[in-house]
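I have placed the structure first, in the form of structure tokens, so that the comments after it can refer back to it.
To find a chain, count down the sequence lines: A is the first, B the second, and so on, and within it residues start at 1.
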Amino acid sequence: MVSTWLSATLYDIAARYDHDRHALLQMLRAVQAARSCVPEEAIQFFARHLNVPIVEVRGCVEFYSFLHATPRGQYDIYFSDSPTDRMAGSLVAAERLAARLGVEFGVPRPDGRVTLGLTSCTGHCEQAPAGLVNRRVFTRMTEDRVDRMADLIERGVPVEQWPEVWFHVENSIRVSGPTLETHVTPGDALRASLVRGLPQTLDEVEASGLQGRGGAGFPVGRKWRGAYETRGIHYITCNADEGEPGTFKDRILLAGYADELFEGMTIAGLIVGAEKGYLYMRGEYEYMLSGLQEVLASRREAGLLGEDVCGSGQNFDIIIHLGAGAYVCGEQSALLESLEGRRGIPRIRPPSAVKKGLFGQSTVNNNVESFVQAAQIALMGGAWFADLGEEKSRGTKLLSVAGDCTRPGIYELPLGVTVRELLERCGGSHAKAVQVGGAAGRTVGRAEFERHISYADLATGGSIMVFDERRDMVDLARQFAHFFAHESCGFCTPCRVGTQMLQHYADKLASCQGSRHDLAQIRSIGQMVKGYAHCGLGETAPNALLDTLERFPEEYEAHLLPEADFVPDFDLDAAVSEARALTGRDDRLHQLEHGKVEAES
Amino acid sequence: MTERNTFTLDGEEVPFEPGQSIMNAALAAGRYIPHLCHNPEFRPHGSCKLCTVKVNGWLGASCTTPATKGAKVESEIPEVQEGRRAIVQMLFIEGNHFCPFCVKSGDCRLQAIAYHLGMEGSHLPHRFPSRQLDASHPDVVLDRDRCIACNLCVRASREVDGKEVFGLTGRGVETSLAVNSPSGLLKDTNLEPGDRAMQVCPTGALMLKRHGYETPIGERRFDQQAIEAAWESDY
Ligand code: SF4
Ligand code: SF4
Ligand code: FES
């Protein structure tokens, strides 16, 4: 039975979001925060209260990694699990903490005190090992700190009273360029746009050559023009989901350039005639939420948001939505689904979001960096931006560099910079491989360090990971295979099953149980998934495996079982283990393990 | 009189209405493109990817790709058939499909398509998932072992029966067909044996109780005719 106390709380949560069905994910997040789970009563309450099928509410809880049907405990800890975190010792620290607390990863301690788990990259790679405790970000988690953390947990000390320095997030800007140096006084770019004229400002954005900074590189001006020419209601959405492992440049912009970001969204809104914009920010960045809300409030106060923005006669306001742990929501149409309060399943294309996006209306969706740069372009003019970079990749790009280098951090460089130049700057001269573009990106070896980071060559949303001689490329590819198997949304067959298969073969190889046949399986499944998957996640999921296979064949060779062309996947012992358990039999498979059994008895 | 809208499917002309998908145009013209999550009666879902074709050199799901004038669509070419075979193999190893014991054998589209594509073995490690069976309803049984998450029952229930009995939940490989009732059980829904949702399952996941062997194995529709000839039988 639903307790009155609980249903009153749930009602309050629903009221906080105007009982809007589309805010379901926000409501579920609030319940999770308050109760450390989303109990069945809450699922049924929201289904009834918002008139949504129960399966949809339940589907959301099951879909998002930070929502749980059963309680996580008083302390809910996640260690960020990306290759660069591991290289900084995250796994060692996490395992040590688990041992201290006497817990297994992902399994709540029976006394309800704590749950410790791993989560996909939390976006603090240059100050790894990072993670989250009760939704607060911690960085540089050493073994020594872990010991003290275990003690604080056992003594029940609230997280607010833990050493502040554990939660310190550095800005780590190493090289700034025009984007990081051009601070727009709130309202200046808006006023410049209105004085110039909104259609003329659209011309400037087009002339700048700015391409989508999320990595796909679609011309921003062309997208805006498409929406401008479409009739009806419009929305602006900003993708601040930054889930690509190794990327943390939007974090820097959200922390220090929120005014530029909101100004860019507002200018886009005025140009295309939207009245509402949504910032979809990954749940991991929740600690920045209150700061961002303050910026929004002061912009409303200054007449830069709300009714009659800046005397334009148009209304525009911005709402912030938080994600709840799903990499796929960085995919534009999955992000829109999530904004509408559903599981993040990518939509069918066509139609494009510009034609039919959020709530079925024309939508301009851009990355954080794109909006920041658009605001600067609106102020400084298109040529200011177009003068930098390469012919087919204009302007500068924020790169977030982590891994085996002495100066990890943010580098703002003109597009077209070579991998080698970047390595020289960040102190990564011992690199044997660089991962450009995160898990979904490309792996390049030494022979290719003259290649360019640009839309025409190596495209990236910003993630650069550096690996030196000590690193095992087979293990690296295996980690990425696990990432995709975990993050696949499950909608389409090739990705849902294919990423599981790739994970299986990567595990087999990394544990030195593989044969040449398994390499061939990876190649053929990988190609098939790339060609047949529904969205960008699946299309890029096999990249790291295929790239490392091609560029580091000797490392794979070294992992193969000697003299085996084929190692069966089928393990009879494992296959019958459940039946054995059910029937209570524990006899060995005499026919197969004759010698061994006799030897033991 | 303007020229007719047509594209070519493996070299032969197929007419289409503006806005029609390649799949629906092909089916309307009596041409078979293998498909599992599609049924022209419902809105396309585009998830199984079995219907992938090459359109002007690019792979795309024919059930969600709009037909365009003069497009060159290739379907029964070795490259595409091989990809489709891999998809069917993936569906087989993802769930628990034991055709020799299955009440749907001979009537199952998944099985029939495997024959159509010349699939001889699974080629991939079986996952052997454990999934819940729902036999709570007096007339219906839901055997999730055989569910391929095609979403057809979901759409049929919503679009035709006006009921919303089903939905897909979970993420990734844990995606599963859920029942829309507080208990999560079929007995607590208003599903009836005559619902359209009960007629659309391509596999043996959603079955009527007590009707299993009315037609003996060996005499069922895909025992008699290959799917490329008999695909239309219950649309
Ligand atoms: S490719 Fe993967 S993430 Fe994209 S729709 Fe398919 S299953 Fe979902
Ligand atoms: S029960 Fe049948 S119709 Fe429904 S999703 Fe599963 S396979 Fe498709
Ligand atoms: S039939 Fe087209 S994707 Fe399933």
Side-chain angles (χ1 to χ4, degrees), chain A residues 40 43-44 47-48 53-65 326 328 343-351 484-501 503-505 508 521 524-525 527-534 538 568-571 574-575 578, chain B residues 36-37 43-50 52 54 58-61 63-66 79-80 82-94 122-128 130 148-151 154 158 164-184:
Chain A
E40 184 59 30
I43 292 176
Q44 302 205 10
R48 233 178 312 114
I54 288 180
V55 271
E56 277 201 33
V57 185
R58 205 169 271 149
C60 265
V61 177
E62 289 177 14
F63 189 85
Y64 293 96
S65 293
V328 71
R343 298 153 79 224
I345 305 283
R347 296 176 178 175
I348 294 170
R349 277 166 70 109
F484 285 112
H486 176 66
E487 297 292 349
S488 165
C489 84
F491 171 74
C492 71
T493 318
C495 174
R496 184 181 67 237
V497 189
T499 54
Q500 291 290 320
M501 294 298 105
Q503 169 177 268
H504 166 84
Y505 288 111
K508 200 171 166 189
Q521 285 287 74
S524 78
I525 298 167
Q527 286 307 338
M528 185 265 168
V529 174
K530 281 176 77 75
Y532 286 73
H534 179 71
D569 287 314
F570 185 71
D571 178 347
E578 193 182 339
Chain B
L36 276 167
C37 73
R43 287 173 49 182
H45 194 237
S47 64
C48 75
K49 300 299 174 198
L50 188 69
T52 302
K54 248 189 172 175
W58 294 94
L59 293 172
C63 69
T64 57
T65 306
E79 178 197 338
V80 167
E82 220 172 276
R84 291 175 182 160
R85 192 152 53 233
I87 287 173
V88 174
Q89 285 165 330
M90 285 179 174
L91 289 171
F92 268 101
I93 62 100
E94 183 187 22
S122 50
H123 199 65
L124 295 168
H126 282 260
R127 292 191 61 255
F128 300 124
S130 44
I148 57 169
C150 73
N151 198 258
V154 180
R158 184 187 304 146
E164 203 117 38
V165 170
F166 302 101
L168 289 174
T169 58
R171 175 167 107 188
V173 79
E174 302 299 332
T175 299
S176 82
L177 183 70
V179 170
N180 194 23
S181 62
S183 64

Does any heavy atom of chain B fall under 4.5 Å from the side chain of A:E487, the backbone, both, or neither of them? both
Which portion of A:I525 sits near chain B, non-hydrogen atoms under 4.5 angstrom: side chain
Taking atom NZ of B:K49 and atom CZ of A:F491, what is their separation to the nearest 0.5 Å? 6.0 Å
Which of B:S176, B:C37, B:G172, B:G167 touches chain A most, by non-hydrogen pairs under 4.5 Å: B:G172
For B:P44 against A:I348, the heavy-atom pair lying closest together: O-CD1, 3.7 Å
Chain B contact via A:A47 - which portion, at a heavy-atom distance below 4.5 Å: neither
Under 4.5 Å from any heavy atom of chain A - which part of B:I93: side chain
Looking at A:G59, is its backbone amide N or carbonyl O close enough to the side chain of B:T169 to form a donor-acceptor pair, meaning the two atoms are under 3.5 Å apart? no
Chain A contact via B:E79 - which portion, at a heavy-atom distance below 4.5 Å: backbone
Walk me through it: do A:T499 and B:V173 pass the test side-chain contact (heavy atoms from CB on, under 4.5 Å)? CA-CA 9 Å; A:T499 54; B:V173 79; over 6 Å; no
Tightest non-hydrogen contact, residues A:V55 and B:A178, listed as CG1-CB, 3.5 Å
Between A:H486 and B:R171, is there a side-chain donor-acceptor contact under 3.5 Å, judged purely by atom types and distance? yes
Contact part of B:A61 toward chain A, heavy-atom cut-off under 4.5 Å: side chain, backbone, both or neither? neither
Contacts of A:R343 that satisfy salt bridge (charged side-chain N to carboxylate O under 4.0 Å, His left out) - sequence neighbours left out: none
Where A:P53 and B:E164 come nearest, the two heavy atoms and their spacing: CG-CD, 3.7 Å
Indicate the atoms forming the closest heavy-atom contact of A:E40 with B:P182, along with that distance. OE2-O, 3.7 Å
Working note: A:T493 + B:L50, criterion side-chain contact (heavy atoms from CB on, under 4.5 Å); need CA distance, chi angles, decisive distance, verdict. CA-CA 9 Å; A:T493 318; B:L50 188 69; over 6 Å; no
Identify the heavy atoms of B:G184 and A:R58 that sit nearest to each other, and give their distance. CA-NH1, 4.1 Å
Working note: A:Q500 + B:R127, criterion side-chain contact (heavy atoms from CB on, under 4.5 Å); need CA distance, chi angles, decisive distance, verdict. CA-CA 9 Å; A:Q500 291 290 320; B:R127 292 191 61 255; 4.2 Å; yes
Whether A:R349 side chain and B:T65 backbone form a donor-acceptor pair below 3.5 Å: no
Between the side chain of A:Q521 and the main-chain N/O of B:H123, is any donor-acceptor distance below 3.5 Å? yes
Output the option from B:H45, B:E174, B:H126, B:E82 having the highest count of non-hydrogen pairs under 4.5 Å with chain A. B:H45
How many angstroms lie between atom OG1 of B:T64 and atom NE2 of A:H534, to the nearest 0.5 angstrom? 7.0 Å
Is any side-chain heavy atom of B:C48 closer than 4.5 Å to one of A:C492? no
Which region of A:S65, side chain (C-beta onward) or backbone (N, CA, C, O), has a non-hydrogen atom less than 4.5 Å from a non-hydrogen atom of chain B, or is it both or neither? both
Under 4.5 Å from any heavy atom of chain B - which part of A:I54: both
Who pairs with B:V179 by side chain to side chain contact (heavy atoms under 4.5 Å, CB included), at least two apart in sequence or on another chain? B:D134, B:L142, B:R144, B:F166, B:S181, B:L186, B:T189
Top contributor to chain A contacts, counting heavy-atom pairs under 4.5 Å, from B:I148, B:N151, B:L91: B:L91
Can you say whether A:H504 sits under 4.5 Å from chain B via the side chain, the backbone, both, or neither, judging by heavy atoms? side chain
With a 4.5 Å cut-off on heavy-atom pairs, point out which of B:G83, B:P66, B:G170, B:G46 contacts chain A the most. B:G170
Test side-chain contact (heavy atoms from CB on, under 4.5 Å) applied to B:I87 and A:M528, step by step: CA-CA 9 Å; B:I87 287 173; A:M528 185 265 168; 3.1 Å; yes
Is there a side-chain contact between A:M501 and B:P125, using heavy atoms and a 4.5 Å cut-off? yes
